[in-house]
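Below is one structure, written out as structure tokens; comments come after it.
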Protein chains: 4
Amino acid sequence: MSTLKRLKRREEIIEGALKLFSKGGFYQTTIPDIARTIGMSVGNFYNYFTSKEVLAKELLLYISEYLGERIRTINESDATTQEKIRAIVAMYFEMVQSRPEMIEYFLRIFLSNREVFGEGCEGTVCVSAFITEMMLFFDDGVSCGDLREQDFFSAFGLFMGYLGGMAFLCGEKVLPHALDSYVDSITQNIYRALKT
Amino acid sequence: MSTLKRLKRREEIIEGALKLFSKGGFYQTTIPDIARTIGMSVGNFYNYFTSKEVLAKELLLYISEYLGERIRTINESDATTQEKIRAIVAMYFEMVQSRPEMIEYFLRIFLSNREVFGEGCEGTVCVSAFITEMMLFFDDGVSCGDLREQDFFSAFGLFMGYLGGMAFLCGEKVLPHALDSYVDSITQNIYRALKT
Amino acid sequence: MSTLKRLKRREEIIEGALKLFSKGGFYQTTIPDIARTIGMSVGNFYNYFTSKEVLAKELLLYISEYLGERIRTINESDATTQEKIRAIVAMYFEMVQSRPEMIEYFLRIFLSNREVFGEGCEGTVCVSAFITEMMLFFDDGVSCGDLREQDFFSAFGLFMGYLGGMAFLCGEKVLPHALDSYVDSITQNIYRALKT
Amino acid sequence: MSTLKRLKRREEIIEGALKLFSKGGFYQTTIPDIARTIGMSVGNFYNYFTSKEVLAKELLLYISEYLGERIRTINESDATTQEKIRAIVAMYFEMVQSRPEMIEYFLRIFLSNREVFGEGCEGTVCVSAFITEMMLFFDDGVSCGDLREQDFFSAFGLFMGYLGGMAFLCGEKVLPHALDSYVDSITQNIYRALKT
DNA sequence: GATGAATGAGCTTTCATTCAT
DNA sequence: AATGAATGAAAGCTCATTCAT
């Protein structure tokens with residue numbers, strides 16, 4: 001089979017698994033579930049991924065790269081720091097709408113199944129693409145004098161914890177307004193927190 | 001058997017389950033595991049909780065009340081808003097050290113196993129004790145003119161997302177310094193974000 | 001406790017168990033179920049019956065004696081043989097309405113749980129009160145020249161198999177008419193089959 | 001694996017389960033028992049039948065079709081009505097000897113475990129193959145003037161209740177003679193009951 | 001590469017019975 | 001006589017993974 005066809009099949013597994021994992025959880029989603037969803041046999045699945053855990057880690061890389069890529073575009077724009085914050089917040093919320101599986105996977109599958117992502121994903125290994133871009137954003141902000149110099153993780157925790165928290169509250173349907181409508185206030189809150 | 005003894009046994013289950021769930025996850029922790037930990041037979045466990053899910057929900061209530069109680073103490077003190085923020089941050093981080101099970105349970109078990117907490121915990125039902133106190137904190141801050149008036153959930157997402165994020169990063173051992181050492185910067189970031 | 005009170009409690013258990021067993025089956029009915037139904041503790045139940053199986057056998061005796069008693073009344077009347085057949089059929093169908101638990105117990109619990117009634121109920125031991133009366137009925141019929149002499153069990157199988165079959169079909173709700181309306185045709189069928 | 005092989009495995013389960021259920025009852029027979037009997041793993045069993053209940057219903061269909069088929073052969077012969085009655089009685093008793101599992105399953109498992117056959121087997125759905133043939137038998141008998149016209153279920157209850165009753169008494173070992181020896185008297189009793 | 005039957009350990013839950021009170 | 005907490009074996013069912021075809 002051509003390399004291209006194989007890559008296509010692989011991507012199908014990834015996208016199918018992403019949907020199922022994020023909706024039903026890691027343990028509730030079975031390999032037969034995934035195989036059935038994409039019209040593949042169980043046996044053949046194992047020709048693409050050697051185990052369920054390996055698949056879960058690949059998914060993490062996949063999302064981290066996707067997210068990292070989108071932040072990179074923002075980083076590379078010549079917007080002001082505040083505009084970049086707003087762009088990241090808006091991008092994140094837009095993903096909550098358009099690719100909820102990705103955000104859910106990050107929030108629910110990755111953050112909570114430590115035992116699954118244990119070895120091979122120590123520290124920030126599996127999400128480095130994404131973290132790297134966030135680091136660049138902060139460094140740029142500090143360099144240009146817009147942001148206070150501080151421990152990266154304190155700033156990162158604020159930013160991503162905030163966005164994740166809002167995505168969670170949105171998923172729980174406790175927010176009184178649409179997620180979009182919070183972009184302004186959140187941007188403002190983050191900027192006020194981090195600016196010089 | 002006295003009601004007192006029964007309540008004591010019940011609490012033993014709760015504390016044992018809390019430790020096991022938060023360490024190993026909901027699905028990886030079995031009822032036999034829990035029973036063995038506290039020296040009880042599997043069958044007898046079911047005389048106290050009718051199912052694993054019911055236990056999980058009770059745990060959530062238990063933690064929510066515990067956390068709510070601690071925040072209430074802070075709310076009722078006559079500290080300034082900024083001091084209260086610092087007290088909440090410090091309390092939270094202290095709990096990450098002294099009662100890591102509770103924080104982990106909130107972050108990993110509750111936030112990620114939607115299917116488990118589905119019915120009976122819609123919206124904020126199961127965590128209302130905790131949320132209520134956070135609402136009071138914000139209302140007080142706004143009333144005394146220290147905090148800007150804004151959508152509660154935007155402020156709440158910032159505060160708790162931030163703290164949860166830091167607890168998570170701490171658990172992943174990616175923080176370069178001890179959690180305590182972040183209390184100042186985090187308090188400052190939160191206060192800057194929310195103040196008038 | 002007085003002997004009278006004790007007998008009353010015992011009867012309560014019997015009547016409660018009869019209802020539950022006949023509705024839910026022997027294995028589906030638990031001792032806690034029975035105890036709860038009659039407002040007795042599980043432990044106390046065992047002061048009245050030493051095991052679930054012993055209870056089941058007592059129930060059988062109870063019903064057999066009840067049924068035997070009713071047939072005896074018919075046997076002792078001075079009706080003709082055909083009138084007696086009709087009286088038995090009518091009495092049986094009346095019981096299907098008024099004491100369905102008894103009939104159901106006979107048909108469903110006794111006939112199908114051989115392992116339960118195994119020892120102690122070999123052959124007709126546990127239902128002898130009832131069988132004895134049926135034997136008397138046949139003997140009388142033969143003596144007075146109304147019925148052909150034949151193997152008792154062939155006649156008994158016809159009579160009780162027929163009635164049990166109709167009760168079953170009634171329970172399955174497949175009968176197009178009310179059970180009562182079949183009394184005539186069934187009496188006639190039985191009489192034709194057995195008469196000289 | 002070929003479809004043929006799969007069907008063969010399926011039949012092995014059916015025959016094995018039939019033996020075990022009819023001997024030990026529905027609840028006393030476990031899936032591990034069945035799997036062990038036919039040399040199959042527990043897990044694989046569930047690749048053939050999705051649950052124990054589904055298996056029980058399939059068994060009923062299987063027997064109903066087998067019995068229906070044998071009655072059909074008799075119906076299609078050009079014997080007289082009385083000869084057909086004798087043929088059905090003889091066939092039934094022959095099955096009590098040669099395939100006791102089937103008769104026992106009908107009498108003990110199906111008739112008594114209503115909750116198991118509840119949905120999906122309402123009324124006569126699961127035994128229609130068998131009932132249909134019995135209906136044909138009666139209709140033919142009435143058409144040719146041998147049998148009186150009467151409610152089908154009254155005649156059916158007599159016929160099958162009688163045979164079932166005798167099979168039961170035989171199983172209980174209370175019959176003084178071999179089952180075969182009753183063929184004549186039973187045929188006669190049934191014919192007398194139903195004839196014009 | 002592709003299939004899906006097969007494995008079997010392991011899960012949650014049940015329940016007859018006992019026994020300290 | 002009465003209570004109900006406690007036991008623990010056993011049930012039905014699941015699922016990651018393998019492997020013959």
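Lettering of chains follows the sequences in order, A, B, ..., and the numbering in each one begins at 1.
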So, do D:V116 and D:I109 sit near enough that their side-chain heavy atoms are less than 4.5 Å apart?
->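 A side-chain contact is absent here, since even the closest heavy-atom pair is not under 4.5 Å.
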Is any side-chain heavy atom of B:E115 closer than 4.5 Å to a side-chain heavy atom of A:Q28?
-> yes
Atom-to-atom span, [atom1] of [X] to [atom2] of [N] - whole angstrom:
X	N	atom1	atom2	answer
D:I34	F:dA11	CD1	P	12 Å
C:Y48	F:dA2	OH	C1'	9 Å
A:F49	E:dA2	CZ	P	13 Å
A:L7	E:dG1	CG	P	12 Å
C:K8	F:dA1	NZ	P	16 Å
D:L4	E:dA5	CG	P	14 Å
A:I13	E:dA2	CD1	C1'	12 Å
C:E12	F:dA1	CD	P	15 Å

Phosphate OP1/OP2 of E:dA5 contacted by D:R9 side-chain N/O (<4.0 Å) |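 Result: no.
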Are any side-chain N or O atoms of D:S22 and backbone N or O atoms of D:K19, one a donor and one an acceptor, separated by less than 3.5 Å?
-> yes
Check: D:S64 side chain, D:L60 main-chain N or O, donor-acceptor pair, under 3.5 Å =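 Answer holds: no.
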Report yes or no: is the cationic atom of C:K57 (NZ for Lys, CZ for Arg) closer than 6.0 Å to the six-membered ring centre of C:F117, at no more than 45° off its axis?
-> no
Taking the six-membered ring for Trp, is the centroid-to-centroid distance between A:Y105 and A:F110 below 6.0 Å?
-> no
In chain order, what residues pass the side chain to side chain donor-acceptor pair (under 3.5 Å) check against C:S41, with sequence neighbours excluded?
->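 In terms of side chain to side chain donor-acceptor pair (under 3.5 Å), with neighbours along the sequence ignored, C:S41 is linked to no residue.
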In 5'-to-3' order, the base (B), backbone-only (S) or no-contact (-) status of each nucleotide in nucleotides 14-21 of chain F, using a 4.0 angstrom heavy-atom cut-off, is BBSBBB--
Could you tell me whether the side chains of C:E12 and C:Y48 share a donor-acceptor contact shorter than 3.5 Å?
-> no
Which residue lies more 5' along DNA chain E, comparing D:G39 with A:M40 via nearest heavy atoms | A:M40
Fill in the dot-bracket string of DNA chain E, one character per base: . for unpaired, | for a pair to another strand, ( ) or [ ] for pairs within the strand, taking Watson-Crick or G-U pairs under 3.5 Å.
-> .||||||||||||||||||||
Salt bridge or not for C:E15 and C:R99, using N-O below 4.0 Å?
->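 Salt bridge present between C:E15 and C:R99.
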